[in-house]
S.K.: 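The structure is given below, and queries will be raised subsequently.
Note that the coordinates shown come from a computational prediction; the quantities given were computed from them, not determined experimentally.
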Amino acid sequence: MELWGLFFVSLMPIVKVLLITAVGTLLALDRFQILGNNATKHLNTMVYFVFAPALVCGNLAKTITLRSMIMLWFMPLNVLLTFVIGTVLGWLLIKIIKVPHHLHGLVLGCCSAGNLGNLPLIIVPAVCKERTNPFGDVNVCYSNALAYASLSMALGSIFIWSYAYNIVRIYSREPSSITKVDSTKNAVSVAETDPENLSKCSTEAFHSAEDKSKSNDHVKRLEIECTVPNEQVPKKEKIMKQLKIIAEKINLKVLFAPCTIGVMVGLIIGVVPQFRKLLVVDHAPLRVVQDSIDMLGDAGIPAMTLLVGANLLKGLKGSRKQVPLIVGITVVRFIALPAIGIGIVKGAAHFGFIHSDPLYHFILLLQFALPPAVAMSTITQLFGAGEGECSVIMLATYSCAAVSLTLWCTFFMWLLL
């Protein structure tokens, strides 16, 4: 196919996304107030808890089998590489333009977390629907596109809420001041690990800090008095405390988001033959359940795209515009990452790590060329770290994505065919 034909095939899905995004922006204007703050919040909740889980669950259940899971083993590694390489490039950007500390998490998150969810689910199947698509039969291409894009969305959800979420959480905290009170250091640390002796140790420790004229013998007696032998604490209790600390740091409630649960359910239904026969195949006894899930999931893509338009409106109202930061993130996401991705995917294909399906190669390449994840707006709102800057970054990057994605999709298809 000629380059101009590939460009037209790439352009049509992007135009569809832009049109629905523009509708979302119009509905969010103060003049209409259809997608105001309250409506956007409620729609976002519906997408988070209902539409997105149903979308990935339904598509994965229909299209993923145990055989296809083995064939698609490289995609989780590819998504991980996009996050790791994006983080490294984001860290270099922070050092080069000297980004303020409270924006470090935002920059690293925007550079590492791409929109692996709704954009591939819109773009790739839409490419297959074009009569002149270069990937073969329309029905086969569309079915495979849904499988690949659904798995991409599932992996993206897991990595965003486990990786990017925790990066923003860590950097949203202000650097704590270091208290230099040497005489109380050991006592306070013991008090934290032994609640029963908290009042006694802390009282004597702070009393000794105030009275600097006390002798070294008294300090030694204080340490001995506050020290509790390790044998008094059962090992089982120690293990439970450590597991509780790890769970709090990882935030399992966020990690196992509704979309992640939908991924697990969809994979179980798709991989286990008994569940496929019960729910998915033609004339299945519980086919109506799968159809209902599909109907809910079909509402997910337009709802998510409308929310993108509504969220971009906030960027127009952003006052703290930082041109070097915006340019840097745009260069990382639309120039550096896709160029590196070409080398990774072509290298993996050369060594036989991925099967020879041009559509599969296409979505692997596309994962490196996507704008920042829309979830970054939600994450920054949760921690109150760089909300205004995030809105401006989203507006700039998604505006550039209209041109960038069209050009990269055209180049990717030309490279693969």
S.K.: For His355 and Tyr360, take the angle between the two ring planes, folded into 0 to 90°, and tell me which bin it lands in: parallel under 30, tilted 30 to 60, perpendicular over 60.
M.R.: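 His355 vs Tyr360 ring planes: parallel.
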S.K.: Rounded to the nearest 0.5 Å, how far does SG of Cys111 lie from CG of Leu106?
M.R.: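 Going from the CG atom of Leu106 to the SG atom of Cys111 covers 9.0 Å.
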S.K.: Passes side chain to side chain donor-acceptor pair (under 3.5 Å), Tyr142 versus Asp137? Steps please.
M.R.: CA-CA 8 Å; Tyr142 185 78; Asp137 181 74; over 6 Å; no
S.K.: Taking the two cysteines Cys390 and Cys110, decide whether their SG atoms are closer than 2.5 angstrom.
M.R.: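 No, Cys390 does not link to Cys110 through a disulfide.
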S.K.: Would a 4.5 Å heavy-atom cut-off, applied to side chains only, mark Thr406 and Val15 as touching?
M.R.: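 No, their side chains stay 4.5 Å or more apart.
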S.K.: Out of curiosity, Asn59 CG to Asp294 CG, how far, rounded to the nearest 0.5 Å?
M.R.: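 It is 7.0 Å, given to the nearest 0.5 Å.
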S.K.: For Phe135 versus Cys141, what's the shortest heavy-atom pair and its separation?
M.R.: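 Closest pair (atom of Phe135, atom of Cys141, distance): CB-SG, 3.7 Å.
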S.K.: Rounded to the nearest 0.5 Å, what separates atom CD1 in Ile354 from atom CH2 in Trp73?
M.R.: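 Those atoms lie 9.0 Å apart.
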S.K.: To the nearest 0.5 Å, what is the distance between CG on Leu116 and CD on Gln367?
M.R.: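 With rounding to 0.5 Å, CG (Leu116) is 5.5 Å from CD (Gln367).
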S.K.: Can you check whether Leu416 reaches Leu365 side chain to side chain, under 4.5 Å on heavy atoms?
M.R.: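 Side chain of Leu416 against side chain of Leu365, heavy atoms only: contact under 4.5 Å found.
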S.K.: Ala402 and Ile14: which non-hydrogen atoms are nearest, and at how many Å?
M.R.: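 Scanning both residues completely, I find the closest heavy atoms to be O-CG2, 3.5 Å.
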S.K.: Any side-chain heavy atom of Ile122 sitting closer than 4.5 Å to one from Ile20?
M.R.: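 Ile122 vs Ile20: side chains apart.
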S.K.: Would you mind reporting whether Asn78 and Leu155 have side-chain heavy atoms less than 4.5 Å apart?
M.R.: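 No. Closest side-chain heavy atoms not under 4.5 Å.
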S.K.: With a 4.5 Å cut-off on side-chain heavy atoms, are Ser150 and Ile64 touching?
M.R.: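 Counting from C-beta outward, Ile64 and Ser150 never come under 4.5 Å.
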S.K.: Does the side chain of Glu389 reach to within under 4.5 Å of the side chain of Ile326, using non-hydrogen atoms?
M.R.: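 Glu389 does not reach Ile326 side chain to side chain.
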S.K.: For the residue pair Trp408 and Phe411, categorise the inter-ring angle as parallel (less than 30°), tilted (30 to 60°) or perpendicular (more than 60°).
M.R.: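 If you compare the ring of Trp408 with that of Phe411, the planes turn out perpendicular.
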S.K.: Is there side-chain contact between Lys346 and Leu415, with at least one heavy-atom pair below 4.5 Å?
M.R.: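 In short, these two side chains touch, coming nearer than 4.5 Å.
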S.K.: Side-chain donor-acceptor pair under 3.5 Å between Tyr398 and Asn115, yes or no?
M.R.: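 Present: a donor and an acceptor within the cut-off.
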S.K.: Considering only heavy atoms from C-beta outward, does the side chain of Pro338 approach that of Ile342 to under 4.5 Å?
M.R.: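 In short, these two side chains do not touch, never coming nearer than 4.5 Å.
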S.K.: So, the side chain of Arg276 versus the backbone of Val281: is there a donor-acceptor pair under 3.5 Å, distance only?
M.R.: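 Between the backbone of Val281 and the side chain of Arg276 there is no qualifying donor-acceptor contact (under 3.5 Å).
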S.K.: Before we go on, tell me: are the rings of Tyr171 and His102 under 6.0 Å apart, centre to centre?
M.R.: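 No; His102 has its ring centre 6.0 Å or more from that of Tyr171.
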S.K.: Step by step, work out the side-chain contact (heavy atoms from CB on, under 4.5 Å) result for Ile85 and Ile344.
M.R.: CA-CA 11 Å; Ile85 296 170; Ile344 291 173; 3.4 Å; yes
S.K.: Arg333 and Gly114: which non-hydrogen atoms are nearest, and at how many Å?
M.R.: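 What the structure gives for the nearest pair is NH2-CA, 3.6 Å.
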S.K.: Specify the closest pair of heavy atoms between Leu370 and Pro120, including all atoms of both residues, with the distance to one decimal.
M.R.: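 In this case the closest contact between Leu370 and Pro120 is CD1-CG, 3.9 Å.
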S.K.: By the definition side-chain contact (heavy atoms from CB on, under 4.5 Å), identify the one residue from Val127, Val124, Leu364 that meets it with Leu359.
M.R.: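 For Leu359, the side-chain contact (heavy atoms from CB on, under 4.5 Å) test succeeds with only one of Val127, Val124, Leu364, which is Val124.
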S.K.: Could you check whether atom CZ of Phe275 has more than 12 heavy atoms from other residues, nucleotides or ligands sitting under 6.0 Å from it?
M.R.: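 No, CZ of Phe275 has 12 or fewer neighbouring heavy atoms, counting only those of other groups under 6.0 Å.
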S.K.: From His42 NE2 over to Leu35 CG, what is the distance, rounded to the nearest 0.5 angstrom?
M.R.: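 Between atom NE2 of His42 and atom CG of Leu35 there are 11.5 Å.
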S.K.: Between Phe412 and Phe362, what is the ring plane arrangement, given parallel below 30°, perpendicular above 60°, and tilted in between?
M.R.: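 Plane angle over 60°, so perpendicular.
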S.K.: Any idea which heavy atoms bring Leu60 and Leu151 closest together, and the distance?
M.R.: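 Closest approach of Leu60 to Leu151: CD2-N, 3.8 Å.
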S.K.: Nearest 0.5 Å, what's the OG1-CD1 distance between Thr65 and Ile269?
M.R.: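 Atom-to-atom, Thr65:OG1 and Ile269:CD1 are 14.0 Å apart.
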S.K.: For residues Leu279 and Gln290, report the shortest heavy-atom separation together with the two atoms involved.
M.R.: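 Closest pair (atom of Leu279, atom of Gln290, distance): O-CB, 3.3 Å.
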